[in-house]
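Notes follow once the structure below has been shown.
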Amino acid sequence: QPTLSSYDAALLVGNALDRAVSGSAAQLFPAGDLPFFEPGFDNLVVGRAGVTIVGSKAYSSAVQIEAPVSWSSTSIPANVLSHGRNMRHLVELAVEQRAALEALITGAKLKFDVPVSAALCFESVEGVDRTPVRDSMGVRIDTVENIAEFATRRGPVFEKEIEPVVDYLRQLAEAPLEPLPAKP
């Protein structure tokens with residue numbers, strides 16, 4: 001049961017990310033014009049940490065995060081529960097979005113490395129607050145405030161390197177979209 005429409009959730013997350021990047025070298029970029037775009041993954045933050053694709057999700061109850069096994073796994077996504085329904089497919093979708101974005105960034109052939117990460121924003125997140133669980137399969141799962149902090153954290157990208165990444169993404173967004181190859 002979403003408390004917000006998909007559009008309103010994306011707007012809420014976009015506004016929080018916009019506030020987080022203001023006053024810094026980081027930039028917010030819309031994901032909607034890129035060839036790998038999947039609804040719900042509307043924002044890219046390009047900053048010192050690299051490029052983070054952010055998915056915005058809104059549900060009427062707190063989302064429960066729990067590890068499916070007692071130890072942390074890098075190959076099994078955490079359980080993402082809302083009203084008893086497991087939505088771990090969202091983690092798998094975020095992994096796909098990150099991989100598609102990594103392929104685009106690699107295609108830029110930049111002279112520096114740009115880490116790529118993915119994040120899922122929820123209104124409220126409860127459960128285990130350990131990094132391995134909240135970073136399920138390399139996808140950060142948290143509230144919008146914590147995702148904004150995660151996406152704008154310090155990292156290996158220098159401030160002068162942010163603009164070439166954004167320019168490349170703009171060029172991709174302005175190019176005519178080609179259909180994605182069918183999945184096997």
Side-chain angles (χ1 to χ4, degrees), residues 2-59 63 90-91 93-125 131 134-177 180:
T3 56
L4 299 171
S5 69
S6 297
Y7 173 78
D8 288 339
L11 190 61
L12 176 75
V13 170
N15 286 339
L17 294 173
D18 194 39
R19 284 190 302 275
V21 302
S22 70
S24 74
Q27 294 188 38
L28 186 61
F29 188 86
D33 296 333
L34 296 173
F36 66 89
F37 172 69
E38 180 73 31
F41 290 85
D42 303 309
N43 299 289
L44 298 173
V45 177
V46 183
R48 296 285 317 270
V51 182
T52 304
I53 185 163
V54 181
S56 50
K57 310 296 176 195
Y59 292 91
V63 172
L90 295 175
V91 174
L93 182 59
V95 170
E96 289 177 17
Q97 293 293 281
R98 182 186 64 223
L101 181 58
E102 281 177 336
L104 288 179
I105 296 297
T106 301
K109 299 194 184 329
L110 298 166
K111 295 179 181 177
F112 50 90
D113 290 331
V114 180
V116 177
S117 55
L120 289 170
C121 284
F122 293 96
E123 277 184 75
S124 177
V125 177
T131 300
R134 294 288 175 108
D135 288 334
S136 179
M137 294 178 62
V139 177
R140 182 73 181 166
I141 304 169
D142 221 321
T143 60
V144 65
E145 296 82 12
N146 292 339
I147 295 299
E149 186 177 312
F150 170 79
T152 57
R153 71 195 184 284
R154 294 186 59 77
V157 177
F158 292 107
E159 288 185 7
K160 66 181 181 182
E161 296 171 334
I162 293 171
E163 195 60 40
V165 176
V166 172
D167 288 343
Y168 175 71
L169 292 171
R170 279 194 190 109
Q171 289 173 3
L172 287 176
E174 293 169 1
L177 294 179
L180 293 175

*side chain to side chain donor-acceptor pair (under 3.5 Å) partners of Gln27, counting only residues at least two apart*: Glu163
Sequence neighbours left out, what passes side-chain contact (heavy atoms from CB on, under 4.5 Å) with [X]? Give chain and number order.
X      : result
Ala49  : Arg153
Ala16  : Arg19, Val144
Ala151 : Val45, Thr52
Pro115 : Pro156, Val157

State, to 0.1 Å, how close [X] and [Y] come at their nearest heavy-atom pair, and which atoms those are.
X      : Y      : result
Val91  : Val139 : O-CG2, 3.9 Å
Arg140 : Asp142 : NH2-OD2, 3.1 Å
Val116 : Arg98  : O-CD, 3.5 Å
Tyr168 : Gly107 : OH-C, 3.6 Å
Ile162 : Ala26  : CD1-N, 4.2 Å
Ser56  : Asp42  : OG-OD2, 3.7 Å

Would a 4.5 Å heavy-atom cut-off, applied to side chains only, mark [X] and [Y] as touching?
X      : Y      : answer
Leu34  : Phe41  : no
Glu102 : Ile105 : no
Val21  : Leu17  : no
Val13  : Phe122 : no
Phe36  : Glu96  : no

*From Leu169 atom CG to Asp33 atom CG, the distance as rounded to the nearest 0.5 Å*: 11.0 Å
*Rounded to the nearest 0.5 Å, what separation is found between the CG atom of Asn146 and the OG1 atom of Thr143?*
3.5 Å
*asked:* Main chain of Gly155, side chain of Arg48: is a donor-acceptor contact present, judged purely on distance under 3.5 Å?
replied: yes
*Do the side chain of Glu174 and the main chain of Gln171 share a donor and acceptor less than 3.5 angstrom apart?*
no
_With side chain to side chain contact (heavy atoms under 4.5 Å, CB included) as the criterion, how do Leu28 and Asn43 come out once you've worked through the C-alpha distance, each side chain's angles and the decisive distance to 0.1 Å?_
CA-CA 7 Å; Leu28 186 61; Asn43 299 289; 3.9 Å; yes
_Please determine whether side chain to side chain contact (heavy atoms under 4.5 Å, CB included) holds for the pair Ser117 and Phe150, giving the CA-CA distance in whole Å, both sets of side-chain angles, and the decisive distance to 0.1 Å._
CA-CA 10 Å; Ser117 55; Phe150 170 79; 3.9 Å; yes
*Residues which pass salt bridge (Lys or Arg N to Asp or Glu O under 4.0 Å) with Asp113, listed by chain and number, not counting sequence neighbours*: none
